[in-house]
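Report on the following structure.
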Amino acid sequence: MATFKPKFLKPDTDDAIEDNRTSEQQDSAFVFNANHNLGLIEQRERLPIRKYKDQILYCLENYQVVILVGETGSGKSTQVPQYLYEYGWHTKGFIGITEPRRVSTITLANRVAQERGELVGDTVGYVVRFQERITPETKIKFMTEGILLRELLADPLLTQYGVIIVDEAHERNMLTDMVLGLLKKILRKRSNLKIIISSATIDASFFSEFFSWPGSGEVSVKLSIEGRMHAVTNFYLNEPCADYVKETVETVWKLHQKEPPGDILAFLTGQDEVLEALDLLREYVRSSEVENLKVLPMYGSMSSTDQLAVFFTPPKGVRKVVLATNIAETSITIPGIVYVIDCGFVKVKWYNPRTCSDSLVVVPVSKASAVQRAGRAGRVRPGKVYHLYTKADYDSLVPRQPPEMRRSEMSGAVLQLKALGIGNILRFDFPSPPPAQNLLSALETLFALDGIDEQGNLTKPVGYLLAELPFGAMLSKMLYVSGKMGCSEEIITIIAMLQVQSVFSRPVSAVAQQSGRIAHRNFEVAEGDFITLLNIYTAFVEEGRTKEFCGQYYLIYRNLKRAYELREQLITLASKKYGIPIFSCNGDVKTICKCITAGFFTQVAYLHHSGVYRQISSGTELAIHPESTLYTLPQAQYVVYGELLQTTKLFMNHVTVIQREWLTELAPHYYQQTTVRE
DNA sequence: GCCCCCTTC
């Protein structure tokens, strides 16, 4: 490969595009490509980013941080790594690209390898959990954000890298912000490390301010690249609507009567709303004997088979309508969409440090989200977007939701930072600092788990183990104790099952939902949800890990398969790296429940004489979540819970029945006899 | 009587 030597051009700052349309979302195998008939080289030359190539290289040569603002279809995720390679940046270490999701990581690496006429794993490779395609030849390395954070533990200055591109930084996920905060620290120690932040328009100034500090001179420069999306026309209601589910249904119906062919995507906030709208629309279709409208649901806990339906092109003359949750905003791209309906709301999680619980609340979307949703309409041809709220309401929307870092439980982040030698977490330079209460709550939890001492330093061996193990602190503690209790095989299974997304399928039809519930009863036990998960896993393996088994029992194959892979990985990790002996307790359920208690003893509820559970630490009333095994069983006196979620009530989920004495036996530092209520 | 979406040796 001949090294390309460009003639440098100074960036033309007047070229910046003032447009708040969506950013690039090449994060699915189903990205639409208008030029799919052109040769790959010709396609590359046609991308809007091509004419910025020299400017990008110029900026990287002269600045330590480059903020790259690029719209959808600009080609930045696939082209920039290649430009850097062609100019020879790979001689200074890996060209690393972080992505927020596994699917986009793999898809992008494949695409770039294909453009270069190579197989993935040669010059271009990727690393995500469980899958890596890296060889000694690899120079361009796509990876998930989590992988880079793990690598940091072993190589705190990332000395293997010459350039790191943080893609989709505007999403501001928890891990994105961790990466950004740590990269800023590294930049000050490594003047030869270059960073490219790929972001949406509205956040560019935020990033450039974050990456400049007193005495730094000019570290960052902004470059804006137009995309090649089609125009999108926005419509708003004249009057606010009372019920956006009904309004969605009516809008779809009117649209179908009036508008030329083109598929419809409607955003709702949750599974229940999607199913409600689905019922209503199918009723319209049935009663008016319409045959050219195909209505499909899309949400995260559907089986893969059901999800696949939305990717098929409908027969000629038939219009497809997809009713989706936020999964369609960034995680999947549905082809053929011309019309978008935005209900104007979204479900978000907020951490509440007082009760150590998450609240799941429906709130108005942010402008950024509304724009992102609207952008889903302009991929094929000029599109139309129907916002189910007034223009005045749109104008009053917040620019964006607070980043996840400000709304989340922090113990994992605190452990990671401590392991990197950052002692005073309160003074760490977060892109958006989390509330101090959230940090204090995490410190208290970690202290209770014996992960940090009174000075806030990691303990040995427990604290270092909690920091290094790739899952939550309580699960890690449970694993540590299981080595001593002789039930590590079972505990690792439970951990693996909890790490993956829910294995319970939530089917679309009411009849199937009922059958699913009955099928799941086969695995239920009185001890609670963790043991139930253990049963499901055991049955899955005994039945040969087949899709048929999962179909029969309404379980999600892809998640069980990942649990299996994860378990294999954890067995090796626990025994080889951390010297945790791998033993089975051979069906001794009491030992397993005690071990669970050893990890989750800070999350206990007792049955108050009023017949309602109360949180032992605060007295707050708690309810068992209807999805828990224990929902329909007689109430036990004491339970530990894995999670607490505020929706219509404060619900405990992943509940395990325990005995009171275990608390003082396993956590005497935390429970004196007096604090345990009768 | 019910949970948006991601991710980690």
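Below, chains carry the letters A, B, ... as their sequence lines are ordered, and counting in each starts from 1.
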Between C1' of B/dC2 and OH of A/Y299, the distance in whole Å: 13 Å

Quickly work out the A/Y244 OH to B/dC4 P distance and round it to whole Å. 10 Å

If we ignore hydrogens and angles and just use 3.5 Å, is the side chain of A/N559 paired with the main-chain N or O of A/S502 as donor and acceptor? yes

What contact category does A/N653 fall into here, base, sugar-phosphate, or nothing, at under 4.0 angstrom with non-hydrogen atoms? base

note: A/M143, atom CE; B/dC9, atom P; distance rounded to Å ~ 12 Å

Quick one: label A/T648 by what it contacts on the DNA or RNA (base, sugar-phosphate, nothing), any heavy atom closer than 4.0 Å. sugar-phosphate

Closest listed nucleotide, where the reference is the side chain of A/Q569 and the choices are B/dC9, B/dC5, B/dC2: B/dC9

Answer yes or no: does a side-chain N or O of A/T144 lie under 4.0 Å from OP1 or OP2 of B/dT7? no

Tell me the interatomic distance from A/R407, atom CZ, to B/dC5, atom P, rounded to whole angstroms. 14 Å

Rounded off to whole Å, could you give me the CD-to-C1' distance for the A/E151 and B/dT7 pair? 15 Å

Between A/H625 and B/dG1, does any side-chain N or O lie under 4.0 Å from OP1 or OP2? no

Taking the side chain of A/I147 as its heavy atoms from C-beta onward, which of B/dC5, B/dC3, B/dC9 lies nearest to it? B/dC9

Quick one: is B/dC5 close enough that its OP1 or OP2 comes under 4.0 Å of any side-chain N or O from A/Q501? no

Does the side chain of A/Y386 pick up a donor-acceptor pair with the side chain of A/E247 at under 3.5 Å? no

Parallel under 30°, tilted from 30 to 60°, perpendicular over 60°: which one fits the rings of A/F530 and A/H654? tilted

So which one's nearest nucleotide on DNA chain B is more toward 5', A/S301 or A/L573? A/S301

Within the side chain of A/S488, is there an N or O that forms a donor-acceptor pair under 3.5 Å with the backbone of A/G483? no

Output the single nucleotide from B/dT7, B/dC4, B/dC2 whose closest atom is nearest the side chain of A/P626. B/dC2

Hey, does A/Q271 reach any base, or is it just sugar-phosphate, or nothing, if we go heavy atoms under 4.0 Å? sugar-phosphate

Given atom CG of A/L566 and atom P of B/dC9, what is their separation to the nearest angstrom? 10 Å

I'd like to check A/L158 versus A/L183 (side-chain heavy atoms, cut-off strictly below 4.5 Å). Are they in contact? yes

What does A/E468 touch in the nucleic acid at a heavy-atom separation under 4.0 angstrom: a base, only the sugar-phosphate, or nothing? sugar-phosphate

Phosphate OP1/OP2 of B/dG1 contacted by A/R517 side-chain N/O (<4.0 Å): no

Derivation of the side chain to side chain contact (heavy atoms under 4.5 Å, CB included) call for A/T176 and A/E168: CA-CA 9 Å; A/T176 319; A/E168 314 284 12; over 6 Å; no

Position toward the 5' end of DNA chain B (nearest nucleotide), A/I327 or A/E145: A/I327

Just call it for A/L153: base, sugar-phosphate, or nothing, with non-hydrogen atoms closer than 4.0 Å on any strand. nothing

Taking A/E627 first and then A/R506, would you say they form a salt bridge - that is, a charged N and a carboxylate O separated by under 4.0 Å? yes

OP1 or OP2 of B/dC3 under 4.0 Å from side-chain N/O of A/T647: yes

In whole angstrom, give the distance that lies between atom CG of A/D155 and atom P of B/dC9. 15 Å

Under 4.0 Å, counting only non-hydrogen atoms across every strand here, what does A/L149 touch: a base, just sugar-phosphate, or nothing? nothing

For the side chain of A/F651, starting at C-beta, report the closest nucleotide among B/dC2, B/dT8, B/dC6. B/dC2

At under 4.0 Å, does any side-chain N or O of A/R101 touch on OP1 or OP2 of B/dC5? no

Classify the nucleic acid contact of A/E568 as base, sugar-phosphate or nothing, counting any heavy atom under 4.0 Å across all strands shown. nothing

Nearest-Å distance, CG (A/N326) to P (B/dC4)? 11 Å

Can you tell me whether the side chain of A/E643 and the base of B/dC3 have a donor-acceptor pair closer than 3.5 Å? yes

